[in-house]
Amino acid sequence: MAQDYDLARPEVAEESEETLKGVRATSAPDARSVVAELDEADSFDGLELPGAIVGEELVVRVVPQASDEFTCGECFLVRHRSQLAREKDGVKICRDCD
């Protein structure tokens with residue numbers, strides 16, 4: 001007698017139905033509870049991490065680009081003219097990006 005192997009076995013069908021009922025019975029979090037949990041997790045509470053710089057102002061001295069330097073059109077780093085690989089349509093490309 002021929003057997004149809006595509007039919008689901010009765011015990012597998014019952015098990016999958018029970019699993020589906022279990023998933024439907026679980027309460028999924030709604031959008032408001034998820035947002036509330038994220039807000040609670042993001043609260044700072046005045047704790048300082050070890051090694052963290054808090055309340056200090058960062059002072060950086062900006063040096064203008066020199067006449068023998070160029071800005072790479074790919075990586076946007078300021079390079080010395082000795083690093084110039086090519087220039088195409090007025091855009092200079094450094095050796096690292098070429």
Side-chain angles (χ1 to χ4, degrees):
M1 174 180 235
Q3 186 168 354
D4 188 4
Y5 290 102
D6 291 333
L7 289 176
R9 293 178 296 204
E11 64 271 4
V12 174
E14 290 173 9
E15 187 177 304
S16 63
E17 187 66 31
E18 290 174 12
T19 304
L20 181 60
K21 287 178 183 176
V23 168
R24 287 183 181 159
T26 59
S27 60
D30 62 343
R32 290 181 184 159
S33 65
V34 171
V35 170
E37 288 177 15
L38 289 175
D39 287 342
E40 290 173 8
D42 288 342
S43 65
F44 185 59
D45 295 338
L47 300 174
E48 289 188 24
L49 298 174
I53 301 173
V54 179
E56 292 187 21
E57 192 173 313
L58 183 62
V59 179
V60 178
R61 196 178 113 219
V62 178
V63 180
Q65 184 173 321
S67 60
D68 62 344
E69 295 176 331
F70 70 97
T71 303
C72 177
E74 294 284 326
C75 63
F76 303 105
L77 293 175
V78 177
R79 305 285 189 147
H80 188 264
R81 69 172 176 239
S82 64
Q83 293 291 313
L84 181 63
R86 63 183 166 93
E87 185 174 351
K88 182 179 179 182
D89 300 327
V91 178
K92 298 177 181 180
I93 307 297
C94 69
R95 290 182 183 176
D96 292 340
C97 294
D98 191 30

remark   = d(Ile93 CD1, Cys72 SG) to nearest 0.5 Å is 5.0 Å
query = Roughly how far, to the nearest 0.5 Å, is the SG atom of Cys94 from the CZ atom of Arg79?
reply = 4.0 Å
key: Pairwise side-chain hydrogen bond (donor to acceptor under 3.5 Å, both in side chains) hits with a residue in residues 85-94, at least two apart   = Arg86-Asp98
message = Using a 4.5 Å cut-off between side-chain heavy atoms of Ile, Leu, Val, Met, Phe, Trp and Tyr, which other residues end up in the same hydrophobic cluster as Leu77?
response = none
task = Report the residues that fulfil side-chain contact (heavy atoms from CB on, under 4.5 Å) with Gln65, sequence neighbours left out, ordered by chain and then residue number.
result = Glu69, Thr71, Val78
